[in-house]
Amino acid sequence: MCGITGWVSYDRDLRAEAATLDAMTETMACRGPDARGTWTDGPAALGHRRLAIIDLPGGRQPMTADTPDGTVALVYSGEAYNFTELRADLVARGHRFTTDSDTEVVLRGYLEWGDTVAERLNGMYAFAVWDGRHGKLVMIRDRMGIKPFYYHPTPDGVLFGSEPKAILANPLIRRRVTLDGLRELFTFVKTPGHAVWDGMREVEPGTVVTVDRTGPHTRVYWRLDTRPHLDDRDTTIATVRTLLDDIVRRQLVADVPRCTLLSGGLDSSAMTALAARQLAEHGERVRSFAVDFVGQTDNFVADDLRATPDTPFVHDLARAADTDHQDIVLDAHTLADPDVRAKVLRARDLPMGFGDMDASLYLLFRSIRDHSTVALSGESADEVFGGYQQFFDEEARRADTFPWLVRFARDFGDDGDVMRSDLARTLDLPSYVAESYRTAVSGIHRLDGESDFEYRMRQISHLHLTRFVRVLLDRKDRMSMAVGLEVRVPFCDHRLVEYVYNTPWSLKSFDGREKSLLREATADLLPRSVYDRVKSPYPSTQDPKYALALQDHTKDLLARPDHPVFDLVDRERVREAAHRDTPVITQAARRGLEKTLDLALWLDLYQPEIATG
């Protein structure tokens with residue numbers, strides 16, 4: 001896992017721009033603390049920061065291959081879990097390797113198959129190839145969008161990077177956010193390709209973007225297609241288990257210490273138990289880590305989102321699977337620390353307003369990094385198998401919008417919206433969301449004979465797998481790579497995603513519960529308590545000291561009446577939430593304070609030009 005960046009300028013010799021390339025590369029230092037490298041050749045410049053995972057001495061980048069027609073150079077971030085098979089295939093085709101790294105397999109694969117190498121890869125990846133033979137840059141992103149990848153066309157080429165900060169480090173770029181950028185910040189729709197910053201784009205998942213003298217050209221090599229599912233229940237369950245066994249086995253491969261993230265829910269428990277069984281075959285124990293909050297288990301109060309605390313279930317699974325387990329226990333003061341908030345915001349480049357859930361994830365990953373370099377996560381199982389409450393909520397099912405927005409409105413209410421009323425009228429978020437929703441559902445193919453209900457559930461699954469999950473994958477990547485930890489997501493293997501997506505909802509919920517297929521496929525590995533547990537989202541602290549700290553920090557901000565954040569948020573609504581004198585402020589008010597503080601910090605750190613006219 002690494003950080004990549006680069007610059008192609010057909011009208012200049014970038015060997016004279018070493019200082020700018022260095023600045024762009026150094027913004028990725030957190031993603032790659034083990035090594036750095038740059039490479040330039042006329043119109044092309046590539047930068048790389050490395051987190052060494054496989055072939056520690058041999059995987060240095062940028063990696064080049066000289067051909068009779070020119071040099072081909074690669075910067076690569078991610079892991080190709082099938083690199084051993086691809087390497088054997090390439091050797092049989094006459095390629096000779098000088099390292100044991102998957103990076104060289106990708107480079108040699110490009111030399112053999114061109115950009116169709118993407119179709120042959122199983123993994124998470126974002127990489128760029130400067131093909132000196134044809135004077136073009138080829139950028140490729142994995143199918144599910146696990147690894148981030150951004151680019152910004154310029155009048156004579158393109159800039160790119162793993163994160164926006166790499167592109168923003170180039171003086172050519174104007175740090176500008178337009179109305180559509182603000183709309184993305186204040187909604188939860190994740191428009192494909194949208195990067196918030198004006199002029200910047202994402203390389204979309206499953207896509208190849210080629211840049212030559214005529215500009216960028218896009219080719220989609222993978223999409224989530226509709227296909228008939230012909231397997232019965234038993235065969236479907238067995239296939240899911242076979243796929244999971246293979247996926248976890250592949251993703252445990254590393255030349256550095258690895259571990260699992262364990263929440264006590266079905267997803268992380270199933271993945272951890274599979275990893276524990278496979279490592280036990282080699283006489284190893286899996287390390288597992290969980291996040292917890294001071295006093296949370298003893299003082300837990302059930303609500304509509306979370307019926308139970310995580311820790312008892314975490315410990316049940318850790319005992320059953322015989323993991324080497326450690327709880328990372330956080331206090332309210334640390335979660336609310338402005339320095340932690342700043343680190344989180346720099347990692348994300350944008351004020352996403354996830355508050356303590358971002359802070360706790362960052363702090364969890366930072367603690368894990370002291371022990372491991374690779375972690376396996378249960379992320380995305382809810383999207384794949386149908387685990388969220390909105391999959392079962394009749395109002396959300398029937399709504400002519402993104403189902404999760406129905407749940408969010410119910411759980412957090414309107415008080416969470418602290419935007420100024422004049423800005424809200426200008427942005428017209430309801431129309432933006434409605435148009436985004438129409439676009440999102442327009443291309444979802446319906447099977448012949450598929451019932452209205454099954455088709456609606458297919459739509460809901462598709463929306464989660466192509467919109468909702470990308471927000472969480474980006475969050476996971478940014479928080480982990482901010483501390484140099486590689487987090488792998490077995491449930492995002494495209495083979496599993498394709499298979500389960502096309503399984504009818506009647507099979508996905510055959511016992512009337514969420515994630516029925518996953519539960520039965522791993523039933524032999526789970527303690528009964530975990531098997532029976534109802535879905536609980538990522539934990540959030542219930543400690544009132546956290547909310548009090550937010551209020552104090554917001555009062556400090558309110559003492560700066562000329563702060564530009566008040567061009568975006570309603571000062572009086574923020575003041576009301578900050579001075580609310582109750583033991584526990586509402587979730588909506590708390591989220592509003594978190595969003596306000598994030599926006600203010602973003603404006604301070606990035607100093608963007610906000611174009612609201």
Novice: How many angstroms lie between atom CE of M63 and atom OH of Y76, to the nearest 0.5 angstrom?
Specialist: 10.5 Å
Novice: Evaluate L261 against S268 for side chain to side chain contact (heavy atoms under 4.5 Å, CB included), listing each step before the verdict.
Specialist: CA-CA 7 Å; L261 308 178; S268 65; 5.8 Å; no
Novice: Can you tell me how far apart CZ (F468) and OG (S380) are? Round to the nearest 0.5 Å.
Specialist: 10.5 Å
Novice: Between D22 and T25, is any side-chain donor less than 3.5 angstrom from a side-chain acceptor?
Specialist: no
Novice: Does any donor atom in the side chain of S288 or T272 lie under 3.5 Å from an acceptor atom in the other side chain?
Specialist: no
Novice: Please determine if D524 and R241 form a salt bridge, counting it only when a charged side-chain N lies under 4.0 Å from a carboxylate O.
Specialist: yes
Novice: Do the non-hydrogen side-chain atoms of R12 and L14 ever get within less than 4.5 Å of each other?
Specialist: yes
Novice: What are the two closest heavy atoms between A521 and V240, and how far apart are they?
Specialist: CB-CG1, 3.8 Å
Novice: Under the side chain to side chain contact (heavy atoms under 4.5 Å, CB included) rule, what do L472 and Y538 come out as? Steps first, then yes or no, please.
Specialist: CA-CA 11 Å; L472 301 184; Y538 182 85; over 6 Å; no
Novice: Determine, for E202 against R470, whether the closest basic-nitrogen to carboxylate-oxygen distance falls under 4.0 angstrom.
Specialist: no
Novice: With the side chain counted from C-beta on, respond yes when D89 and R93 share a heavy-atom pair under 4.5 Å apart, and no when they do not.
Specialist: yes
Novice: So, D212 versus Y10: side-chain donor-acceptor pair below 3.5 Å or not?
Specialist: no
Novice: Please determine whether a side-chain nitrogen of the Lys or Arg among R50 and D34 lies less than 4.0 Å from a carboxylate oxygen of the Asp or Glu.
Specialist: no
Novice: Please determine whether a side-chain nitrogen of the Lys or Arg among K515 and D267 lies less than 4.0 Å from a carboxylate oxygen of the Asp or Glu.
Specialist: yes
Novice: Salt bridge check: are D477 and R31 linked by an N-O gap of less than 4.0 Å?
Specialist: yes
Novice: Is there a side-chain contact between Y362 and R475, using heavy atoms and a 4.5 Å cut-off?
Specialist: no
Novice: Any side-chain heavy atom of Y151 sitting closer than 4.5 Å to one from P153?
Specialist: yes
Novice: For D66 and T71, test the side chains for any donor-to-acceptor distance below 3.5 angstrom and give the result as yes or no.
Specialist: yes
Novice: How far does CD of E79 sit from CD1 of I146, to the nearest 0.5 angstrom?
Specialist: 11.0 Å
Novice: Mark yes or no for whether D232, through its side chain, and T235, through its backbone, hold a donor-acceptor pair below 3.5 Å.
Specialist: yes
Novice: H325 and F289: ring-ring contact (aromatic ring centres under 6.0 Å, His included), yes or no, with the steps?
Specialist: CA-CA 6 Å; H325 181 75; F289 293 88; 7.4 Å; no
Novice: Could you tell me whether the side chain of V117 reaches within less than 4.5 Å of the side chain of E112, counting heavy atoms only?
Specialist: no
Novice: Within 45 degrees of the axis of the six-membered ring of Y150 and under 6.0 Å from its centre: does R201 put its NZ or CZ there?
Specialist: no
Novice: First locate atom CD of Q61, then atom CG of L46, and finally report the distance between them rounded to the nearest 0.5 Å.
Specialist: 10.0 Å
Novice: Ignoring hydrogens and geometry, is there a side-chain-to-backbone donor-acceptor pair from D322 to A318 under 3.5 Å?
Specialist: no
Novice: Measure the CD-CZ distance between E163 and R478 for me, rounded to the nearest 0.5 Å.
Specialist: 4.5 Å
Novice: Looking only at side chains, do H229 and T236 share a donor and an acceptor under 3.5 Å apart?
Specialist: yes
Novice: Quick check: does any side chain N or O of T20 sit under 3.5 Å from a backbone N or O of N170, one acting as donor and the other as acceptor?
Specialist: no
Novice: Before you tell me yes or no, could you show the steps for K535 and L266 under side chain to side chain contact (heavy atoms under 4.5 Å, CB included), namely the whole-Å CA-CA distance, both residues' side-chain angles and the distance that decides it to 0.1 Å?
Specialist: CA-CA 8 Å; K535 160 71 182 173; L266 177 60; over 6 Å; no
Novice: Quick one: does S101's side chain have a donor or acceptor within less than 3.5 Å of a partner on E104's backbone?
Specialist: yes
Novice: Is D246 paired with R250 through a side-chain N to carboxylate O contact shorter than 4.0 Å?
Specialist: yes
Novice: State, without any angle test, whether D115 and Y221 hold a side-chain donor-acceptor pair at a distance under 3.5 Å.
Specialist: no
Novice: Does H194 offer a backbone N or O that forms a donor-acceptor pair with the side chain of T191 under 3.5 Å?
Specialist: no
Novice: Measure the shortest side-chain to side-chain distance between Y388 and E383 over non-hydrogen atoms and say whether it is less than 4.5 angstrom.
Specialist: yes
Novice: Return yes if some donor-acceptor pair links the side-chain N/O of R369 with the main-chain N/O of G484 below 3.5 Å, else return no.
Specialist: yes
Novice: For the residue pair V374 and C259, establish whether any side-chain heavy-atom pair is separated by less than 4.5 Å.
Specialist: no
Novice: For the atom pair CG (L485) and CG (L364), what is the distance rounded to the nearest 0.5 Å?
Specialist: 8.5 Å
Novice: Pairing donors with acceptors under 3.5 angstrom, does anything connect the side chains of D11 and S9?
Specialist: no
Novice: So which heavy atom on A126 is nearest to which on P148, and how close?
Specialist: CB-O, 3.6 Å
Novice: Minimum heavy-atom separation for M144 and L465, please, with both atom names.
Specialist: CE-O, 4.0 Å
Novice: Taking E498 for the side chain and D225 for the main chain, is one N or O donor matched with an acceptor at less than 3.5 Å?
Specialist: no
Novice: Which heavy-atom pair separates H462 from L224 by the least distance, and what is that distance?
Specialist: NE2-O, 3.6 Å
Novice: Indicate yes or no: at least one non-hydrogen side-chain atom of W130 is less than 4.5 angstrom from one of T64.
Specialist: no
Novice: Which heavy atom of A65 sits nearest to which heavy atom of L111, and what is that distance?
Specialist: CB-CD1, 3.7 Å
Novice: Can you tell whether the side chains of D142 and K147 come within less than 4.0 Å, N to carboxylate O?
Specialist: no
Novice: Salt bridge check: are K190 and D474 linked by an N-O gap of less than 4.0 Å?
Specialist: no
Novice: Does the R213 side chain pair with the main chain of D156, one donor and one acceptor, at a distance under 3.5 Å?
Specialist: no
Novice: What's the verdict on side chain to side chain contact (heavy atoms under 4.5 Å, CB included) for V209 and H217, showing C-alpha distance, side-chain angles and the deciding distance?
Specialist: CA-CA 6 Å; V209 177; H217 310 275; over 6 Å; no
Novice: Determine the interplanar angle of the F491 and F385 rings, folded into 0 to 90°, and report it as parallel if under 30°, tilted if 30 to 60°, perpendicular if over 60°.
Specialist: perpendicular
Novice: Answer yes or no for R87 and F97: cation-pi contact, defined as NZ/CZ to six-membered ring centre under 6.0 Å and angle to ring axis within 45°.
Specialist: yes
Novice: Give a yes or no answer on whether the side chain of K508 reaches the backbone of V500 with a donor-acceptor pair at less than 3.5 Å.
Specialist: yes
Novice: Tell me if a side-chain donor or acceptor on R519 pairs with a main-chain N or O of E514 at a distance below 3.5 Å.
Specialist: yes
Novice: Do NZ/NE/NH1/NH2 and the carboxylate oxygens of R249 and E281 come within less than 4.0 Å?
Specialist: yes
Novice: Which atoms form the tightest heavy-atom contact between L496 and P490, and what is the distance?
Specialist: CD2-O, 4.5 Å
Novice: So is R120 actually on top of W113's ring, under 6.0 Å and inside 45° of the axis?
Specialist: yes
Novice: Would you call E486 and R488 a salt bridge, using N to O less than 4.0 angstrom?
Specialist: yes
Novice: Report yes or no: do Y81 and D493 form a side-chain donor-acceptor pair below 3.5 Å?
Specialist: no
